[in-house]
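What follows is a short report on a single structure.
Computed from a predicted model, the values in this text were never measured in an experiment.
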Amino acid sequence: MDTIFTFDWLKVYPDVMEALQSGKAILRDGVAYWAETSGKSGIAQHMPLKQLPFDPASLDDVTQLIKSAQAAQFAAIGLSTGIIVGAIVIQTMYLANKIEKLQESIDIISADINAQNAIFYMEKLSKYFGVVESARVLLLDRALVSETEEIAAHLIAQLGNERNEVLALIDNLIAYADKLNDRHLEQLLDFITMVLDVLPKAIYIESQLCDRYGKFRLAEHLMRENGKRYGITLSHYRNWCNQKAKRAIAGHSDPEALAFHNKRTDLKQLFQSEDNAVLLAPLKSFALDNAMVRIK
């Protein structure tokens with residue numbers, strides 16, 4: 001069994017617990033801050049931590065992890081399960097495993113679809129998710145903050161630039177997929193679905209990196225705008241898939257219709273993903289104390 005660090009609710013101050021339940025305190029990167037409606041400002045409490053055991057074999061099924069006893073405690077006090085999903089994304093190999101599978105898919109597509117623009121797309125995507133994993137690793141140890149300010153600033157800028165490129169590339173890949181035969185179409189469907197499933201985790205890590213280094217308002221802005229932009233791309237993909245799937249529903253047996261029919265379960269999981277929805281939830285602002293310093 002492995003472990004992740006999560007909050008020890010038994011050690012949370014009673015007034016902070018009450019404020020969290022009433023919305024007068026907000027959790028950001030392991031710290032409870034007073035909300036503007038509380039009449040207070042700054043840090044309410046550095047959240048106490050404890051270790052939660054989990055089975056690494058279950059990492060591909062986050063839903064099962066969320067159903068753990070700790071997740072039940074979140075529900076009992078009215079807090080989002082996004083907190084524990086975020087802990088899983090950052091502290092475990094969950095995201096690294098997904099990125100590894102993406103890289104394998106990138107290698108297959110680059111070798112099989114011998115087109116210069118497809119290879120260009122794959123290289124861009126590979127580079128972006130490499131930066132995402134670097135950011136995740138940096139978030140593992142809060143003690144590194146004072147030593148990594150310049151590195152973090154570079155990563156935040158790089159994540160922003162490359163994330164915008166990736167979202168644009170996905171739109172282009174959807175258009176490109178219309179020109180492919182059935183075998184290549186299935187490969188690209190798998191790939192686009194995987195990328196769109198990983199992107200909310202990458203966006204979450206980007207905002208967490210901003211929070212860790214005291215860029216709170218930037219984190220809120222990026223989560224808000226990135227969520228909107230991701231929603232546009234996901235809707236575009238959903239509409240395209242629905243149009244193609246109608247041919248299979250209508251009884252067409254051509255290769256294109258069958259490709260979408262074969263992938264219907266994976267597509268449904270993507271479009272109805274609760275994990276991605278909670279990770280992309282807008283961040284709530286809190287009352288900044290003028291004398292407050294970044295948490296080290």
Side-chain angles (χ1 to χ4, degrees), residues 6-7 20 23-37 43-44 47 62 66 74 78-91 94-95 98-99 128-129 131-140 142 145 152-168 170-171 195-237 270-288 292 294-295:
T6 187
F7 302 147
L20 287 169
K24 292 185 177 180
I26 295 164
L27 286 171
R28 296 279 289 271
D29 190 31
V31 181
Y33 295 93
W34 294 112
E36 294 176 353
T37 55
I43 298 171
M47 295 297 286
V62 178
I66 294 172
F74 280 107
L79 293 176
S80 170
T81 54
I83 296 169
I84 199 166
V85 177
I88 292 166
V89 167
I90 290 175
Q91 297 179 38
Y94 168 78
L95 184 60
K98 282 188 171 288
I99 290 175
Y128 170 67
F129 287 112
V131 177
V132 170
E133 177 60 7
S134 295
R136 185 192 72 82
V137 171
L138 197 59
L139 286 168
L140 290 175
R142 191 183 297 273
V145 168
H154 176 72
L155 283 174
I156 290 169
Q158 193 173 3
L159 283 168
N161 291 335
E162 295 186 9
R163 178 236 315 131
N164 288 332
E165 288 185 354
V166 165
L167 286 166
I170 292 298
D171 293 337
V195 171
L196 287 176
D197 182 52
V198 173
L199 267 172
K201 287 82 172 176
I203 290 170
Y204 176 82
I205 283 177
E206 184 180 356
S207 70
Q208 286 295 107
L209 193 64
C210 291
D211 265 359
R212 177 66 54 85
Y213 289 84
K215 303 179 186 301
F216 302 114
R217 297 300 179 246
L218 177 59
E220 294 162 14
H221 173 75
L222 290 176
M223 184 61 81
R224 183 171 55 250
E225 297 305 317
N226 290 343
K228 291 177 185 177
R229 180 63 181 84
Y230 173 81
I232 291 171
T233 297
L234 186 67
S235 293
H236 179 201
Y237 187 49
L270 171 67
F271 298 139
Q272 297 180 1
S273 173
E274 295 180 3
D275 300 337
N276 289 340
V278 297
L279 289 174
L280 290 175
L283 297 175
K284 296 180 181 179
S285 296
F286 58 89
L288 281 169
M292 191 178 78
R294 183 172 59 250
I295 305 161

Exercise for review: Give the C-alpha distance, both sets of side-chain angles, the deciding distance and a yes or no for side chain to side chain contact (heavy atoms under 4.5 Å, CB included) between V31 and M47.
Suggested key: CA-CA 5 Å; V31 181; M47 295 297 286; 5.8 Å; no
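- Note: H221 NE2 to R224 CZ = 6.5 Å, rounded to the nearest 0.5 Å.
- Among residues two or more places apart in sequence or in another chain, the side-chain hydrogen bond (donor to acceptor under 3.5 Å, both in side chains) test is passed with E274 by none.
- Annotation for A135 and I205: closest pair CB-CG2, 3.8 Å, computed over non-hydrogen atoms.
- By the 30° and 60° cut-offs, the orientation of the rings of F286 relative to Y33 is parallel.
- Remark: the backbone N or O of I232 is not paired with any side-chain donor or acceptor of S235 at under 3.5 angstrom.
- Note: S273 OG to L196 CG = 11.0 Å, rounded to the nearest 0.5 Å.
- Here Y237 pairs with F271 under the ring-ring contact (aromatic ring centres under 6.0 Å, His included) rule; sequence neighbours left out.
- The side-chain heavy atoms of L283 and I26, taken from C-beta on, include no pair separated by under 4.5 Å.
- Side chains of N276 and L234 form no contact here, defined as non-hydrogen atoms less than 4.5 Å apart.
- Not counting sequence neighbours, the partners of S134 by the side-chain contact (heavy atoms from CB on, under 4.5 Å) test are L155.
- Heavy atoms only, all atoms of each residue included: T37 and G23 are closest at OG1-O, 4.0 Å.
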Review point. When you look at L222 and L159, which way does the side chain to side chain contact (heavy atoms under 4.5 Å, CB included) test go after all the steps?
Key: CA-CA 11 Å; L222 290 176; L159 283 168; over 6 Å; no
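- When all heavy atoms of A219 and R28 are compared, the closest pair comes out as CB-NH2, 3.9 Å.
- Residues D275 and K201 are not paired through a salt bridge, judged by the lack of any N-O separation under 4.0 Å between the basic side chain and the carboxylate.
- Checked against side-chain contact (heavy atoms from CB on, under 4.5 Å), E133 has the following partners two or more places apart in sequence or in another chain: A96, I99, R136, V137.
- Of all the heavy atoms in L139 and R212, the pair that sits closest is O-NH1, 3.1 Å.
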Review point. Under the side chain to side chain contact (heavy atoms under 4.5 Å, CB included) criterion, do Q208 and V89 qualify, and how do the steps go?
Key: CA-CA 11 Å; Q208 286 295 107; V89 167; over 6 Å; no
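- When all heavy atoms are compared, the tightest approach of R142 to G30 is NH2-CA, 4.3 Å.
- The closest donor-acceptor contact from the side chain of Y230 to the backbone of L167 lies at 3.5 Å or more, if one exists at all.
- Between A152 and L209, the shortest heavy-atom distance links the atoms O-CD2, 4.2 Å.
- Under the side-chain contact (heavy atoms from CB on, under 4.5 Å) criterion, E162 pairs with K127, Y128, V131, Q158, sequence neighbours left out.
- In this structure, CD in E220 is found 12.0 Å from NZ in K284, a value given to the nearest 0.5 Å.
- Rounding to the nearest 0.5 Å gives a distance of 3.5 Å between CG of N226 and CZ of R163.
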Point to revise | Worked verdict on V145 versus Y213 for side chain to side chain contact (heavy atoms under 4.5 Å, CB included) | key: CA-CA 7 Å; V145 168; Y213 289 84; 3.9 Å; yes
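- For D171, the side-chain contact (heavy atoms from CB on, under 4.5 Å) test picks out R229, T233, H236, with sequence neighbours left out.
- Interatomic distance, I203 CD1 to M223 CE, rounded to the nearest 0.5 Å: 7.5 Å.
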